Q: 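Structure in structure tokens, see below.
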Amino acid sequence: MREDGRTAAPCSEPFVVMAKPVGPVCNMKCSYCYYLETGRLYTSPHRYRMPKALLETFVRQYIAASPGPVVQFVWHGGEPTLAGLDFYRHAVELQKRYLPSGWTCWNNLQTNGLLLDDEWCSFLAEAHFDVGLSIDGTRLLHDAYRKDRRGRGTYERVVAAIRRLQGHGVQPDLLCVVTSAAAKDPISVYRGLRDLNTGWIQFIPVVQRTPDGQLTAESVTGEAYGRFLCAVFDEWIHHDLGRLDVQFFAEMSLVWSGGTASVCWMAPSCGRVLIVEHDGGVYSCDHFVTPEHRIGDLETSPLSALVDSPVQRRFGDDKRGRLPAQCRACPWLVVCNGGCPKDRFALAEDGEPGLNYLCSGLRRFFAHAEQPLRQVIARRRQGLSPEAIMAELRAESLARWKGIGRNDPCPCGSGRKAKNCCWPR
């Protein structure tokens, strides 16, 4: 091993590893959770905790494989705080030990927040962790889906965790799952998250299937998701521009400004966000922790070799290579790229397989959002303030609605009557 801790040549392209220090173990039982099922990969009894020796192997190999100079550590689950605070203190010590001179580490903890007491929050602030915290907008929706192991709602405890983090100077990113129920009340969901004043929101649509291929009750349809996004977008762009960011809208702005999306589902190819489980197993993706997508083990193969292995390259390239013709001809391809492979089980208009199940809603949303978002990009380049841009957009919106009655076609272009579309907003 070299003095800087690098045991192999680094990868030529950036990549991210999401570590699962306790695997699928969680102190909550969310009705839509897809990850608890990964426990079936292991025989009972089984200890779901990454050993210290394996943690050191992971940190050392990850830094060695990274092209640098920033190494992104993402701690995920299950519920990663169940690994204990000392686990992360040790992880930070290892990062400092193996990090080359001039490099830095970025740590992100994805959590449900239930264990975040003052000691936790103090550590996260001092160690400069970013925190992603799951909360589903309103108390009613959150407590319906996100219950603890005793079947009790967790909304109040999660809000308390957010306030505690803020008290320590940490502004968490809020992750909201869009279920079939949440999609019916977009404004309440959005405002509930906005009013927590963290500055960043992510919306994650639920698309899950039963073993026989049917959609679960929690899953949102493409049309419902599209309506949800349109409603949230209008509220945000008319009232909250400059106050907070919504990940999806920020990524669209990045692409339409000439950049490249940073989230994997919007990128042309994927495969650069791997999973390391608590036992050292390495998998292609968070949504593909299955035996057929296990690409290796940290104990037997260098992480650098697994990231760039032919099987992982093929996994990532298949996203682009298997796009149906409908996608390749779509005007929104640049901001969608077919979506996440896990959702591409619908049939295209000509019957070709591989279409994103959410396609219809996404297309409606892109058509709705492109012009105003491009207008925001242009006005920002001209130096206009968020307040001036919002005033301009609100005036244009009012002009479009002048003379529109409840039974007239909605000016958003959906083809529905105004009373059944944007009128309530």
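No experiment lies behind these values; they were computed from the predicted model shown.
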Q: Measure centre to centre between the rings of Tyr98 and Phe58, then say whether the value is under 6.0 Å.
A: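 No.
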Q: My understanding is that only residues two or more places apart in sequence, or in another chain, count here; which of them pass side-chain hydrogen bond (donor to acceptor under 3.5 Å, both in side chains) with Gln382?
A: none
Q: Not counting sequence neighbours, list each pair that qualifies as a salt bridge (Lys or Arg N to Asp or Glu O under 4.0 Å) and has a residue in residues 264-276.
A: Arg272-Asp308
Q: Can you name the ring pair (Phe, Tyr, Trp, His ring centres under 6.0 Å) partners of Phe249, sequence neighbours left out?
A: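 Checked Phe249 against ring pair (Phe, Tyr, Trp, His ring centres under 6.0 Å); matches are Phe233, Trp236, Phe365.
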Q: Taking the six-membered ring of Tyr155 as reference, does the NZ or CZ atom of Arg146 fall below 6.0 Å from its centre and within a 45° cone about the axis?
A: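 The answer is no, since Arg146 fails at least one limit relative to Tyr155.
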Q: Filter on salt bridge (Lys or Arg N to Asp or Glu O under 4.0 Å), then keep only pairs touching residues 211-225, sequence neighbours left out; what's left?
A: none
Q: For the pair Asn108 and His76, evaluate side chain to side chain donor-acceptor pair (under 3.5 Å) and give the outcome as yes or no after the intermediate values.
A: CA-CA 9 Å; Asn108 178 279; His76 214 283; over 6 Å; no
Q: Do Asp185 and Ser188 have side-chain N/O donor and acceptor atoms under 3.5 Å apart?
A: yes
Q: Treating Thr210 as the side-chain partner and Gln214 as the backbone partner, does any N or O pair qualify as donor plus acceptor under 3.5 Å?
A: yes
Q: Apply side-chain hydrogen bond (donor to acceptor under 3.5 Å, both in side chains) to Thr81 and list each qualifying residue two or more places apart in sequence or on a separate chain.
A: Glu79
Q: Is the side chain of Lys184 donor-acceptor paired with the backbone N or O of Ser180 at a distance under 3.5 Å, no angle test?
A: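 Looks like no, no N/O pair under 3.5 Å.
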Q: Do Asp148 side-chain atoms and Gly151 backbone N/O form a donor-acceptor pair below 3.5 Å?
A: yes
Q: So, for Phe73 and Tyr62, is the gap between ring centers shorter than 6.0 Å?
A: yes
Q: Partners of Glu370 by salt bridge (charged side-chain N to carboxylate O under 4.0 Å, His left out), sequence neighbours excluded?
A: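 Only Arg374 meet the salt bridge (charged side-chain N to carboxylate O under 4.0 Å, His left out) criterion with Glu370.
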Q: Do Gln247 and Asp173 meet the criterion of a side-chain donor-acceptor pair at a distance under 3.5 Å?
A: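 No - no donor-acceptor pair under 3.5 Å links their side chains.
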